[in-house]
Engineer: 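Take a look at this one; I'll ask things after.
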2 protein chains.
Amino acid sequence: MTAHARFSINQQTVKQLPLPELVETCADLGVRNVGLWREPVRAYGLEASAALVRDAGLTVTTLCRGGFLTASEPGARKAALADNRRAIDEAAALGTRVLVLVSGGLPDGERDLRAARERVADALAELAPYAGRSGIRLAIEPLHPMFASDRCVVSTLAQALDLAERFPAEQVGVCVDTYHVWWDDQAPAALDRAGAGGRIATFQLADWITPLPAGVLNGRGQLGDGAIDLAWWRERADANGYDGPIEVELFNDELWAGDGRKLLATTAERFARYV
Amino acid sequence: MTAHARFSINQQTVKQLPLPELVETCADLGVRNVGLWREPVRAYGLEASAALVRDAGLTVTTLCRGGFLTASEPGARKAALADNRRAIDEAAALGTRVLVLVSGGLPDGERDLRAARERVADALAELAPYAGRSGIRLAIEPLHPMFASDRCVVSTLAQALDLAERFPAEQVGVCVDTYHVWWDDQAPAALDRAGAGGRIATFQLADWITPLPAGVLNGRGQLGDGAIDLAWWRERADANGYDGPIEVELFNDELWAGDGRKLLATTAERFARYV
């Protein structure tokens with residue numbers, strides 16, 4: 001088989017596969033695109049990872065992830081900015097154009113979402129020019145509102161755009177992930193706005209399934225298993241001029257417990273059927 | 001002690017207390033308001049429950065809950081409408097003015113949130129006049145987006161208002177619960193709109209704590225334990241002319257495992273301190 005040309009496998013979806021096996025399986029299945037994560041890349045070695053994917057002819061669609069920019073304490077804030085500059089450097093070394101940012105949650109004991117969001121904007125003002133000089137675009141990812149307190153104070157696509165639009169489009173865009181935005185009746189209009197402004201930096205897919213597991217992080221559904229009309233969202237993104245790769249990013253303990261090669265094959269098949 | 005005059009204890013918060021004990025504890029603590037649930041009321045007997053709270057001088061602030069109006073299958077839809085008429089009758093018998101409605105999720109295998117929301121509107125068109133004739137106001141409750149697929153396709157206060165405003169304000173309002181709306185940067189403006197239109201039918205409180213438990217239903221935080229600035233929301237509701245009772249509705253397995261009388265006392269104290 002040959003996977004769809006726009007299909008990209010996010011490394012975290014098949015995190016049971018070491019990077020060389022992931023690259024090998026992509027070759028076997030005709031998968032041309034991969035989204036990488038900083039932690040496994042660092043474990044394998046940044047230069048070694050870059051060489052491995054480059055030699056295999058794979059396109060690195062994104063690096064996940066920077067962000068966590070909501071600290072109010074000066075030391076923590078400085079450390080976060082430094083870490084994000086490193087993430088930008090790593091993205092450049094891997095040959096991708098896109099660094100996905102998860103903004104961070106409320107610091108312990110704080111209750112002011114608006115102030116936390118403004119701190120994200122302040123941090124972007126420092127990082128965006130640096131990213132621009134490295135040819136990297138920051139992709140602000142709104143996460144589902146169930147993560148608002150502990151992971152990401154940016155909860156809707158409209159909020160992500162409000163942030164991104166303060167900066168040049170070539171420096172800051174948004175990451176649209178169906179898992180996080182599917183419930184939002186304002187998200188289609190926000191997607192149109194993102195398209196019109198050239199702000200769709202990357203487009204990711206996961207399906208919504210219930211019941212959610214404890215902690216709610218690792219319950220994302222395989223494509224077609226859940227409540228989201230994935231083809232509808234893909235068509236809307238297409239209609240807005242997005243013709244780039246489409247990453248499948250599943251965090252799912254049950255899927256991770258199985259065979260990674262089979263999972264990648266299944267995911268590519270589901271992509272062809274449901275997207 | 002005497003609890004705050006606007007404090008109302010939702011029966012589900014202290015579900016370990018049988019109704020007579022709940023009423024007795026309210027008398028001990030000077031709690032004047034209670035929100036009831038259909039299932040325990042039915043278990044104790046509708047007329048007996050009504051007499052018990054009436055004789056104790058308690059105000060019944062709401063009955064929870066009607067709704068679940070998203071079925072597309074005609075038989076299921078008819079049954080849901082009949083059940084909601086019974087809920088309206090029960091609310092009238094209990095002497096409350098407000099029936100809280102949770103709209104229902106996506107039927108199995110369906111993926112069209114918009115169509116499901118329209119079926120809620122269609123059902124309201126049948127129920128609102130019936131409620132009006134009984135002196136009952138339907139309160140559409142938006143639930144947190146993490147419940148969009150399996151429990152409530154109405155995910156934001158703005159959506160709830162969009163539905164409510166199709167009907168007379170004395171027949172249909174909204175239920176504002178901090179737990180469900182706190183993350184939403186559009187919710188304050190929606191609360192203003194609800195106030196201006198006389199649509200705030202009831203105001204409920206719970207705090208947001210993480211990690212969420214499996215299934216995410218029973219992880220609501222005691223007032224002051226979480227990320228929500230409860231006083232800010234109460235003040236915003238007040239500023240919009242809402243001067244009615246404020247219900248505390250916690251679903252929490254850990255709190256339910258403890259002593260119900262102590263829990264009620266603690267909840268009243270937390271209300272005084274944080275709201």
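In what follows, every chain begins at residue 1, and chains take the letters A, B, ... in the order their sequences are listed. Because the structure is a prediction, the values reported are computed rather than measured.
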Engineer: How far apart are the closest heavy atoms of Arg137(A) and Val172(A), and which atoms are they?
Structural biologist: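 Scanning both residues completely, I find the closest heavy atoms to be CG-N, 4.1 Å.
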Engineer: Is Thr70(A) close to Val153(A) at the side-chain level, that is, under 4.5 Å between some pair of heavy atoms?
Structural biologist: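 Yes, at least one pair of side-chain atoms sits under 4.5 Å.
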Engineer: Between Lys15(B) and Trp37(B), is NZ or CZ placed under 6.0 angstrom from the six-membered ring centre and within 45° of the ring axis?
Structural biologist: no
Engineer: Output the residues of residues 182-204 of chain B for which the shortest heavy-atom distance to chain A is under 4.5 Å, in residue-number order; output 'none' if no such residue exists.
Structural biologist: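 So the qualifying residues are Trp182(B), Trp183(B), Asp185(B).
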Engineer: I'd like to know which of Gly226(B), Ala158(B), Gly105(B) tops the heavy-atom pair count under 4.5 Å against chain A.
Structural biologist: Gly226(B)
Engineer: Considering residues, nucleotides and ligands other than Glu73(B), do more than 12 of their heavy atoms fall under 6.0 Å from its CD?
Structural biologist: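 Enclosed: over 12 neighbouring heavy atoms sit under 6.0 Å from CD of Glu73(B).
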Engineer: Select all residues of residues 138-151 of chain B having any heavy atom within less than 4.5 Å of some heavy atom of chain A, and report them by number, or 'none'.
Structural biologist: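 Listed by number, the contacting residues are His144(B), Pro145(B), Met146(B), Ala148(B), Ser149(B), Asp150(B).
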Engineer: Output the distance between atom OH (Tyr274(A)) and atom CG (Leu223(A)), rounded to the nearest 0.5 Å.
Structural biologist: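 Separation between the atoms: 9.5 Å.
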Engineer: Select one option (side chain, backbone, both, neither) describing which atoms of Arg114(B) are under 4.5 Å from chain A's heavy atoms.
Structural biologist: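 Neither part.
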Engineer: Short question: side chain of Asn252(B), backbone of Gly221(B) - any donor-acceptor pair under 3.5 Å?
Structural biologist: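 Checking the backbone N and O of Gly221(B) against the side chain of Asn252(B), no donor-acceptor pair under 3.5 Å is found.
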Engineer: Which one of Val174(A), Thr156(A), Val154(A) satisfies the side chain to side chain contact (heavy atoms under 4.5 Å, CB included) criterion with Leu161(A)?
Structural biologist: Val174(A)
Engineer: Within a radius of less than 6.0 Å around CG of Asp108(B), do more than 12 heavy atoms belonging to other residues, nucleotides or ligands occur?
Structural biologist: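 Count not over threshold, so no.
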Engineer: Please state whether the side chain, the backbone, both or neither of Leu113(B) comes within less than 4.5 Å of a heavy atom of chain A.
Structural biologist: side chain
Engineer: Can you check whether Glu110(B) reaches Pro107(B) side chain to side chain, under 4.5 Å on heavy atoms?
Structural biologist: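 A side-chain contact exists here, since the closest heavy-atom pair is under 4.5 Å.
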Engineer: Tell me the closest heavy-atom pair linking Leu205(A) and Phe271(A), and the distance in Å.
Structural biologist: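 Smallest interatomic distance, heavy atoms only, reads CD1-CE1, 3.9 Å.
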Engineer: Might you point out which heavy atoms bring Leu250(B) and Arg220(B) nearest each other, and give the distance in Å?
Structural biologist: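 Nearest pair, atom of Leu250(B) first, then Arg220(B): CA-CB, 4.3 Å.
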